[in-house]
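Each remark here refers to the structure printed beneath this line.
Throughout, a chain's letter reflects where its sequence line sits, starting with A, and its residues are numbered from 1. Side chains are part of it too, since the values below use all heavy atoms of this structure and drop only hydrogens, waters and symmetry mates.
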Amino acid sequence: MELRDEIIARLQPLQPLQLDIQDDSALHRGHAGNNGGGHFELTVKSSLFSGKSQIMRHRMVYQYLQDLMPHRIHALSINALSADESSV
Amino acid sequence: MDVQAKIKETVSANRVVLFMKGSPKFPQCKFSNVATQILDACGAKFVAIDVLQDMDIREGIKQYANWPTIPQLYVDGEFIGGADIMRSMYQSGELQTLLAKA
């Protein structure tokens, strides 16, 4: 499975209302310290995030992806929105 | 002293601590770079700990905050977040308020 598809599949327990994955891996290929893992920017919107701090939301995302880091995912930026929030 | 105690001592003894890869002058990762730039933009004095210099801290800090990534910002001993959270708190002005409180 492509890494991108795997990320999407793994985040399904969050019941995402929106899930955007920007793959910036090509921009960072072979830079210092990069072991070949991908660079991703993730926007997840979920009603499960309501009333939760950013720290809690990030932890909820990390729990599904943590074992992919740092080998397959080298860098991950997370934008976690509750159902009534919109992207900045 | 074990590494968890050492981290606790560091974040207790210094008001603002950033665990990062590299140094503020030579950050070794884009997120660490963003984090130092945000703290500079806030005019904050902070202690930077380069986790690349110490494998025990590099792994230990992930357990300490139950947070798998670096950088990590601590203010008054409390874990505030990583680069994404710092950026959103900076954009909302929340971070400046937090750092300004003495």
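- B/F19 and B/L52 end up in different hydrophobic clusters when Ile, Leu, Val, Met, Phe, Trp and Tyr side chains are linked at under 4.5 Å.
- Of the atoms belonging to B/K30, it is side-chain heavy atoms, and not backbone ones, that fall under 4.5 Å from chain A.
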Starting from the C-alpha separation in whole Å, work towards a yes-or-no answer on side-chain contact (heavy atoms from CB on, under 4.5 Å) for A/L76 and B/T69.
CA-CA 9 Å; A/L76 181 67; B/T69 57; 6.0 Å; no

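- Remark: B/K6 NZ is loosely packed, at most 12 non-hydrogen atoms of other residues, nucleotides or ligands lying under 6.0 Å away.
- Cluster annotation: A/L17 and A/M60 are assigned to distinct hydrophobic clusters (Ile/Leu/Val/Met/Phe/Trp/Tyr, side-chain heavy-atom contacts under 4.5 Å, transitive).
- B/I38 and A/I78 fall within a single hydrophobic cluster, where Ile, Leu, Val, Met, Phe, Trp and Tyr are joined by side-chain heavy atoms under 4.5 Å apart, directly or via other members.
- Between A/N79 and B/D84 there is no side-chain heavy-atom pair separated by less than 4.5 Å.
- Interface remark: A/A75 contributes backbone and side-chain atoms alike to the contact with chain B (heavy atom separation under 4.5 Å).
- Using bins of under 30°, 30° to 60° and over 60° for the plane-to-plane angle, the ring pair A/Y62/B/W67 lands in the perpendicular bin.
- Within the 4.5 angstrom heavy-atom criterion, only backbone atoms of B/I80 (N, CA, C, O) approach chain A.
- The environment of B/Q63 atom CD is dense: over 12 non-hydrogen atoms of other residues, nucleotides or ligands sit within 6.0 angstrom.
- Summarising the local packing, CD of A/Q12 is surrounded by more than 12 heavy atoms from other residues, nucleotides or ligands at distances under 6.0 Å.
- Put simply, of A/R59, A/R57, A/Q54, the one with the most heavy-atom pairs under 4.5 Å next to chain B is A/R59.
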